[in-house]
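This report concerns only the one structure given below.
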Amino acid sequence: MANLDSAVRKLRAAQAGVPRAEERAAKLIAEARAQVKAARAELAEAIRAADRDGARQVDIVAATGYSRERIRQIIRNGED
């Protein structure tokens, strides 16, 4: 019976840890998404700066991996 009691306690302890782990994971995901958003905005500004400096669109495409159309959209609309 001692094994059963011990196993039940371990299961309940493990289950109690799930909500805390989910909260930590949600925080990590939110932080990562914020970093992506900031990096995307920085890249968009760098693309616009490269365009103002006379960089060829084909070179910007090669450096970023974005399509020519996406590069045009970022430059034209000031989008991130």
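Quantities reported herein were computed from a predicted structural model and do not represent experimental measurements.
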Quiz prompt | Arg52: side chain to side chain contact (heavy atoms under 4.5 Å, CB included) partners, not counting sequence neighbours | solution = Glu45, Arg48, Ala49
Quiz item: Would you say Glu42 has more than 12 foreign heavy atoms packed within less than 6.0 Å of its CD?
Solution: no
Practice problem: Using the test side chain to side chain contact (heavy atoms under 4.5 Å, CB included), find all partners of Gln15 that sit at least two apart in sequence or belong to another chain. | Solution: Leu11, Arg12
Self-check item: Under the salt bridge (Lys or Arg N to Asp or Glu O under 4.0 Å) test, residues paired with Arg68 that sit two or more places apart
Solution: none
Quiz item: Who else is in the cluster with Val8 when I, L, V, M, F, W and Y are joined by side-chain contacts under 4.5 Å?
Solution: Met1, Leu4
Self-check item: With Arg24 via side-chain hydrogen bond (donor to acceptor under 3.5 Å, both in side chains) - residues at least two apart
Solution: none
Quiz item: Sequence neighbours excluded, which residues qualify as salt bridge (Lys or Arg N to Asp or Glu O under 4.0 Å) partners of Glu31?
Solution: none
Self-check item: With Ala55 via side chain to side chain contact (heavy atoms under 4.5 Å, CB included) - residues at least two apart
Solution: Ala50, Ile60
Quiz prompt | Side-chain ion pair, Arg72 and Glu69, N-O less than 4.0 Å | solution = yes
Practice problem: Starting at OG1 of Thr64, measure out to CD1 of Ile71 and round the result to the nearest 0.5 Å. | Solution: 3.5 Å
Self-check item: side-chain hydrogen bond (donor to acceptor under 3.5 Å, both in side chains) partners of Arg56, counting only residues at least two apart
Solution: Asp59
Exercise. Please say whether more than 12 non-hydrogen atoms of neighbouring residues, nucleotides or ligands are located less than 6.0 Å from CG in Asn3.
Key: no
Quiz item: For the residue pair Tyr66 and Val61, what are the closest heavy atoms and their distance?
Solution: O-CG1, 3.2 Å
